Amino acid sequence: AGRRCRRRFRALAFASGFAYFLAFPGVDLWPLSFVALVPLIVALRGATVGRATASGWVAGFTMTLFGFYWLNEMLVTFSGFPAPVCWLLVALLSGYQAGRMALCGWLFARATRRGWPPGLVFAAAFAASELAFPLLFPWTYAATVHQVPAFLQIAELGGPIAVALVLVAANLALAEPVLGWLEDRHAATAVRPRARAAARTERWRRSARAAALVVGALLYGAIRIP
């Protein structure tokens with residue numbers, strides 16, 4: 001059971017990292033930016049500090065390894081090293097840059113275990129990791145919507161991190177129903193129907209509040225562009 005659980009966490013983290021890569025400039029499947037973080041959010045909820053940190057690292061390693069695949073060809077061309085050595089260097093770089101998402105997972109688990117609200121904590125942890133973790137090749141989640149000017153206008157209020165947080169809000173809005181479904185599926189029969197209904201209602205409220213931020217950002221962009 002423990003191995004299956006670890007594999008499930010790793011699979012969710014990998015899915016987030018790969019979807020993040022597909023949404024990013026180059027592949028440009030930008031609508032995935034609204035769902036790319038959902039598997040990671042699901043994996044982090046209720047996880048131990050160690051497991052949350054590891055899940056974040058796996059997501060970060062996946063997105064970096066796929067996102068910087070071009071480094072291998074560059075190293076082969078300009079370094080003179082054989083391809084396996086170049087891939088090893090790319091993997092080492094990816095392992096380091098994965099620390100950004102590992103930091104996000106660590107902050108999330110530490111804060112939620114102290115009773116802080118998970119949605120706000122994830123948004124704050126994501127922002128802190130983007131702002132504070134030093135990268136050799138910096139990037140921001142906001143770049144995934146570079147083709148959607150309406151989403152970019154809010155950057156005048158808070159820079160790229162404001163755009164990234166709008167995307168995080170979209171992911172949180174979609175993650176809440178998934179988490180609710182998983183909780184209902186595994187809920188003990190002793191849980192009273194009224195309590196389960198109240199929890200479900202609160203989840204939909206949180207989802208609606210997060211979705212309202214996304215709609216608000218779009219409206220702001222639509223007003224500001226003219």
Side-chain angles (χ1 to χ4, degrees), residues 5 8-9 11-13 15-20 22-23 29-48 51-52 55-56 59 101 104-105 107-130 141-142 144-145 148 150-151 153-154 157-158 161-223:
C5 188
R8 184 168 65 249
F9 275 86
L12 288 170
S16 265
F18 191 64
Y20 191 123
L22 293 176
L29 296 178
W30 64 265
L32 286 177
S33 63
F34 297 99
V35 299
L37 299 176
V38 171
L40 181 61
I41 293 169
V42 172
L44 293 182
R45 195 67 62 92
T48 63
R51 184 165 288 172
S55 296
M101 294 305 296
C104 177
L107 290 171
F108 176 86
R110 294 275 295 181
T112 52
R113 286 186 167 270
R114 286 169 168 75
W116 295 12
L120 290 175
V121 164
F122 181 81
F126 190 90
S129 63
E130 276 216 353
Y141 199 41
T144 57
V145 288
V148 192
F151 272 115
Q153 304 313 304
I154 199 171
L157 301 179
I161 197 64
V163 180
L165 285 174
V166 170
L167 298 174
V168 169
N171 281 268
L172 287 169
L174 294 171
E176 284 295 341
V178 175
L179 288 163
W181 176 76
L182 290 172
E183 281 191 2
D184 287 344
R185 185 180 177 188
H186 298 99
T189 55
V191 178
R192 295 180 179 179
R194 183 175 296 180
R196 292 174 62 182
R200 192 179 300 115
T201 300
E202 180 56 30
R203 285 196 178 280
W204 281 109
R205 286 176 180 169
R206 289 199 293 265
S207 184
R209 288 194 292 267
L213 290 175
V214 180
V215 174
L218 273 175
L219 290 175
Y220 181 85
I223 293 169

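Just so it is clear, the model here is predicted, and its values are computed rather than measured.
Looking at Val166 and Leu213, their side chains never come closer than 4.5 Å, going by heavy atoms from C-beta outward. Contact of the Ser55 side chain with the Leu12 side chain is not registered, since no non-hydrogen atoms from C-beta on lie closer than 4.5 Å.
In summary, of the residues considered (Phe34, Trp30, Tyr220), a ring pair (Phe, Tyr, Trp, His ring centres under 6.0 Å) with Phe151 occurs for Phe34 alone.
Here the straight-line distance linking atom CD1 of Ile41 with atom CD of Glu176 works out to 8.5 Å at 0.5 Å rounding. For the atom pair CG of Leu219 and CD of Gln153, the computed distance is 13.0 Å after rounding to the nearest 0.5 Å. With rounding to the nearest 0.5 angstrom, the CG atom of Leu32 is 9.5 Å from the CZ atom of Phe18. In this structure, CZ on Arg209 lies 11.5 Å from CG on Leu172, to the nearest 0.5 angstrom. Atom OG1 of Thr112 is separated from atom CG of Leu107 by 10.5 Å, given to the nearest 0.5 angstrom.
Annotation: Arg205, atom CZ; neighbour count of heavy atoms from other residues, nucleotides and ligands within 6.0 Å does not exceed 12.
Smallest separation of non-hydrogen atoms from Ala36 and Ser16: O-OG, 2.6 Å. Heavy-atom minimum distance, Ala109 versus Thr48: CB-O, 4.0 Å. Residues Ala211 and Ala173 come closest through the heavy atom pair N-CB, 3.8 Å. Across Glu130 and Ala164, no two heavy atoms sit closer than the pair OE1-CB, 4.2 Å. In this structure, Leu167 and Asn171 approach most closely via the heavy-atom pair O-ND2, 2.8 Å. A pairwise comparison of heavy atoms in Ile161 and Gly158 identifies CG2-O, 3.2 Å as the closest pair.
The aromatic rings of Phe122 and Phe108 stand perpendicular to each other, their planes meeting at an angle above 60°, with 30° marking the opposite boundary.
Side-chain rings of Tyr141 and Tyr20 approach one another, their centers coming within less than 6.0 Å.
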